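Worksheet: the structure to be examined is printed underneath.
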Amino acid sequence: MNAKDCHAPPAPSAAGGVSSRVVLLGRPNSGKSSLYNALTGGSAHVGNYPGITVDVLEGEVELPTGGRVHLYDLPGLYSLASATDPDSDEGVAARFLGRSRGEGALPLVAQIIDGTQLALGLRLTTELLGAGYPLLVVVTQADRLASHGQVLDGAALEEALGAPVVVVSARSNTAKALVLEAIAAHPQTPPEARSIDAKALAKAVLREATDAKAAQRRARERTGKIDAVLLHPLVGPFLFLTLMGGLFAAVFLVADPASTFLDFLKGKLAGVITRRFGEGLVTSFVNDGILGGAGTVLAFMPQIVLLTVAMELLEASGYLARGAFLVDRFLRLFGFSGRAFLPLLMGHACAVPAIGATRVVRDPKERLTSILVIPLMTCSARMPTYALVTSAFFAGRSVFFRAALFVGLYAAGILSGLVASLILRKTATRGKTLPLVLELPAYRLPQVRVVLRKGWLSGKRFFRDVGTTILAVSALLWVGLSVPVQPASAGGTVAERSAAAAVGKALEPVTAIAGFDWRINVGLIGSFGARELMVGTLGIIHGIEGADQDDAPLAEKLRTATKSDGTPLYSRATGLALLAFFVLACQCMSTVAAIKRETKSWKWPLFVLAYTYVAAYVVAVLVYQGARLFGLG
């Protein structure tokens, strides 16, 4: 969110003295998002709040009495009194609520409680009763209670709390009307502070239906049978890893054709522009700088939306929480909890959606650590460079050797990420690790409308916050690679006379000890736009057209290139050093933009660039010099 000097937009007065602001508050997985979506009809947007790094959704709804209110959906909150980090989901919710006291009339706090977890929800209610806010208690999952053979006595709960109570099923068509009527009829006076025994009160107001025992037995047996398989100490982790791998493979199988189609449309538009305005710097800037950056943004959009939908399906079904428990013990060894597994796994496909997925991590220090190490995961964009280097310098080796080299590169990415996490948790992100606190929700069918809405919001957020940065960097890279800074009389191609070439040549004395000449340096500069651009940029430098489509001629050129004295320009040591550099360096402007978006600061993107480039350079030098000692120079 963009920081600006406001906390909430001015809202019109609501009819009947109703507060113009209603805040939805509740524990995670309480049904809050489903209810919010039902109330707003999906017409919500992300609010802008200074200092807040977690999304707060807001929307406007019309009351039955004719007035309108602003509705705010806060992140999940377990307790007002818990010592949470101010940047965590709980900290953001608590701060938002605290700030509202200084913004005119107090907002109406609508606490959402999962009826199947009533005692846990009432613990937060106890704190809200003494906080001095007008309070409305909305108990959801009435349908789930019925399936468990239970009925909630709303009147008895309302009398015990001294605050209005509404019992609904968020999936029911009547939920919206019941909640809006309760908001319109609310007296807007804070309830009297009172002490309640949450567990005893929950037991008192939950009544058994006539066929309760049979229903409860069936529900327990059904959940127990599923958990016996999914949480089995041996079978459970295997199924979880298989499901996650299969799910993400399926997502990218669907996303890739969509990305290819969008790239096709970009190519057609570029062709129209070229025919209309002819060749030239301006046309090249529009096609390669602007449309090229836009193409990068659009290529990520299907992945972002589909991965968000996949995550929401897992979360809403109740399985994601169980999967986190399965891998928690292992990840604790490296400073992570089970929640971090999903983003780290996604990082092997693409770092951009993986960084956005770190929002499932509750601990702010752990989430930041995940963001900082995800760029080290071996994403698919590294593959073209790996393939080029392997075919250029190891073409004579067996298929098994080259396969082992690829496996080693993947393993090196994972190992470097784990090592980096251990170091970071003792330095830049040091701090006490929060325990993994997760409720195992009941298995349920996700609401398609809610899931699709979150996918849409994630895509829109990516386009707004990340896409603008990608476009700007893409334009700057085009200027650096395509605008000559030396006259044509100096000789050479435009790329050889560009600002990027000048930078590459200036860096050559430093990079030579890693085996990189100015041409490789220019390739590295070009690949910052996207790692896969390394191949195309080297092709331009070496005068080979279409290298990004077929790298065989470029591989041959790299293999046979010689210096002025006839000695090989590159060696296998150079290839190994380049592979080592690519394993560690954050060569991706989209990843940098995603880190900026999630941390709301340039501090951490610059930190990632600094530590990965320093590590990549040092390791590349060691690999190159070591390989030469073993006769690979």
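Note that this is a predicted model, so its numbers are computed, not measured.
Considering only heavy atoms from C-beta on, Ser337 comes within 4.5 Å of Arg332 through its side chain. Two residues are said to be in side-chain contact when any heavy atoms from C-beta on lie closer than 4.5 Å; Val608 and Val592 fail this criterion. Under the 4.5 Å side-chain criterion, counting only non-hydrogen atoms from C-beta, Pro343 is in contact with Ile374. Between Ser20 and Val69, the closest side-chain pair of non-hydrogen atoms is not below 4.5 Å. Side-chain contact between Leu180 and Lys176 is present, with heavy atoms from C-beta onward closer than 4.5 Å.
Thr358 and Ser370 form no side-chain donor-acceptor contact under 3.5 Å, judged by distance and modelled atom types alone. Side-chain polar atoms of Thr125 and Gln111 form a donor-acceptor pair below 3.5 angstrom.
For Arg430, there are no side-chain contact (heavy atoms from CB on, under 4.5 Å) partners two or more places apart in sequence or in a different chain. Under the side-chain contact (heavy atoms from CB on, under 4.5 Å) criterion, Phe607 pairs with Leu372, Leu424, Ala428, Trp604, Tyr611, sequence neighbours left out.
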(Q) Show, in sequence, the C-alpha distance, side-chain angles and deciding distance for Thr369 and Val361, and conclude whether the side-chain contact (heavy atoms from CB on, under 4.5 Å) test is met. (A) CA-CA 10 Å; Thr369 305; Val361 181; over 6 Å; no

Q: Determine, stepwise, if the pair Leu201 / Lys199 fulfils side-chain contact (heavy atoms from CB on, under 4.5 Å).
A: CA-CA 6 Å; Leu201 179 57; Lys199 187 175 182 180; over 6 Å; no

**Q.** Audit row: Leu71, Glu60, side-chain contact (heavy atoms from CB on, under 4.5 Å) steps and yes/no
**A.** CA-CA 6 Å; Leu71 197 65; Glu60 193 174 275; over 6 Å; no

Q. Given Ile113 and Leu120, is the side-chain contact (heavy atoms from CB on, under 4.5 Å) satisfied, shown in steps?
A. CA-CA 9 Å; Ile113 301 178; Leu120 294 175; over 6 Å; no

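Between Glu598 and Arg367, at least one side-chain nitrogen of the basic residue sits less than 4.0 Å from a carboxylate oxygen of the acidic one, meeting the salt-bridge criterion. Under a 4.0 Å N-O distance rule, the pair Arg322/Asp227 qualifies as a salt bridge.
Between the side chain of Tyr319 and the main chain of Leu230, no donor-acceptor pair closer than 3.5 Å is present.
The environment of Glu62 atom CD is dense: over 12 non-hydrogen atoms of other residues, nucleotides or ligands sit within 6.0 angstrom.
Atoms CD and CZ, on Gln150 and Arg207 in that order, are 11.5 Å from each other to the nearest 0.5 Å. Going from atom CG of Leu157 over to atom CG of Leu122 covers 6.0 Å, rounded to the nearest 0.5 Å. Note: Ile355 CD1 to Ile595 CD1 = 4.0 Å, rounded to the nearest 0.5 Å. In this structure, OH on Tyr72 lies 9.5 Å from OH on Tyr36, to the nearest 0.5 angstrom.
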